[in-house]
Protein chains: 2
Amino acid sequence: MSTPEGKSTRERILAAAAEIIAEEGMTANLSVRAVASRVGISTGSLRHHFPTQQMLRDEVMHRVYDWVLAGTDIRNSAIPARDRLVGCLRQVLAMAGAGAEARTAMNTVTTTFIAVEQTEQVRESYLAMQRDGQRRVEEWLRVLADEGALAETSRIPQLARFLGTVLDGLALERALPGEDSLAQLETETLYVSVDAVLSS
Amino acid sequence: MSTPEGKSTRERILAAAAEIIAEEGMTANLSVRAVASRVGISTGSLRHHFPTQQMLRDEVMHRVYDWVLAGTDIRNSAIPARDRLVGCLRQVLAMAGAGAEARTAMNTVTTTFIAVEQTEQVRESYLAMQRDGQRRVEEWLRVLADEGALAETSRIPQLARFLGTVLDGLALERALPGEDSLAQLETETLYVSVDAVLSS
DNA sequence: ACCTGAACACCGTTCAAGT
DNA sequence: ACCTGAACACCGTTCAAGT
């Protein structure tokens, strides 16, 4: 894949896309021509490495998530399935921060995706992130399904979405003024959610 | 606004957009040319009534939500308990608005409670709202418990909080850029949540 | 005020042609 | 296999011109 001189074209494309995001923010315009011209290749060449623009955006967002999210131990069978899943969800939630940090994070979300003109590129950059998060939760559920801890594999997409919504709600509540025992209430809600998924 | 012969052009545009959605589903195209040609007007005329395509889409979605939403009574035993609870939760969710309205609402929440100094007064005024919502959900659960649709009455506070978190998540997701089939995904998540509560 | 339709500046994708 | 660049079929928006 890689040439002696350096990165493969594929990697240079991803690097250029990451550059654009770094410069213009998460809502950056990752159009074929913008990325291709930055790499110094043609649109056709970009299409050769990423058959659709969606595939490029998804791959970029996947790496951003990988970079932010540390490895989660969903496969550690020494721990009960429900505790493992709660632990993984908690790691996602950790990105929301706590206290003032949580408020800053939610403010960023608002100013980036909500309090702006809802252009196609704002929408697409958010959806790429959203899909990546969804896919990650789905992977966790599939691991647990393989173990037999989760029966209805056909409902995995819906269940993952449900868990994603719970995480969105908890992240918002971390930013809002809260009761003092927030951590405990969070834990209870996470277990109610996870039990709902595992017993479905 | 309306001509003697029938609907105003503005209404005919909205009707045409609704027609396209009815035919092609929530993922319908709703492009300027698609809507304009169905109405039988020019793109310029459409632009005159809806300065941006976003404004058209927001208005269409607002009407779709209004149409989907119906009043539900928690004590109406003609309807299954789970459907009644979902209906009530949906009414709460209706306050979050849809489209641009949902974004404005979430923006207000952010500027009022998150992006401000966390004084005792800010905290108290939010918690008053929060407790009110929580109490309302708890009352619904108590009604269902009296019917025998919910067994563990001692967990009602936790379960109500869980449902509140789901609603917070759904409200946030309404403000964030969303998939086209948001209404359906919302319904699925609400039923997963309600079933988790009623079978606990 | 309401409407027309051409024009503009984008977009993603396809494809014959090169190396 | 990798790359080029023109071409195609879209998109939303603007605007001089009509009624």
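By convention in this document, chain letters (A, B, ...) are assigned in the order of the sequence lines, proteins followed by strands, and residues within each chain are numbered from 1.
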Carboxylate-amine/guanidinium proximity below 4.0 Å for A:E138 and A:R131: no
Salt bridge A:R136-A:D132, side-chain N to carboxylate O under 4.0 Å: yes
Rounded to the nearest 0.5 Å, how far apart are OG1 of A:T189 and CG of B:D168? 10.0 Å
CG-CG distance between B:L185 and B:L190, expressed to the nearest 0.5 angstrom: 11.0 Å
From the list D:dC2, D:dT13, C:dT4, which nucleotide is the closest neighbour of the side chain of A:T9? D:dC2
Within this structure, what is the [atom1]-to-[atom2] distance between [X] and [N], rounded to whole angstrom?
| X | N | atom1 | atom2 | result |
| --- | --- | --- | --- | --- |
| B:M55 | D:dT13 | CE | P | 9 Å |
| B:H48 | D:dT19 | NE2 | P | 17 Å |
| B:R47 | D:dA16 | CZ | C1' | 18 Å |
| B:H49 | C:dC3 | NE2 | P | 4 Å |

Looking at A:H62, A:R63, A:R57, which one forms a side-chain hydrogen bond (donor to acceptor under 3.5 Å, both in side chains) with A:E59? A:R63
Taking for each residue the nucleotide of DNA chain D bearing the nearest heavy atom, is the 5' side occupied by A:L46 or by B:T52? A:L46
So, is A:S42 close to the D:dC3 phosphate, meaning a side-chain N or O under 4.0 Å from OP1 or OP2? no
Under the side chain to side chain donor-acceptor pair (under 3.5 Å) criterion, do A:S77 and A:E147 qualify, and how do the steps go? CA-CA 9 Å; A:S77 53; A:E147 283 182 22; 5.9 Å; no
Parsed dot-bracket for DNA chain C after applying the Watson-Crick and G-U rules with both distances under 3.5 Å and | for other-strand partners is ||.|||||...|||||.||
Dump the pairs, protein N or O against N or O of nucleotides 7-11 of chain C, anything under 3.5 Å, distances to one decimal.
unit_1 : atom_1 : unit_2 : atom_2 : d
C:dC11 : OP1    : A:N29  : ND2    : 3.0
C:dC11 : OP1    : A:S31  : OG     : 3.2

Going by the side-chain contact (heavy atoms from CB on, under 4.5 Å) test, name the single residue among B:V32, B:L30, B:L46 that passes it with B:L56. B:L46
Under the 3.5 angstrom rule, does the side chain of B:R33 hit a backbone N or O of B:T43 as a donor-acceptor pair? no
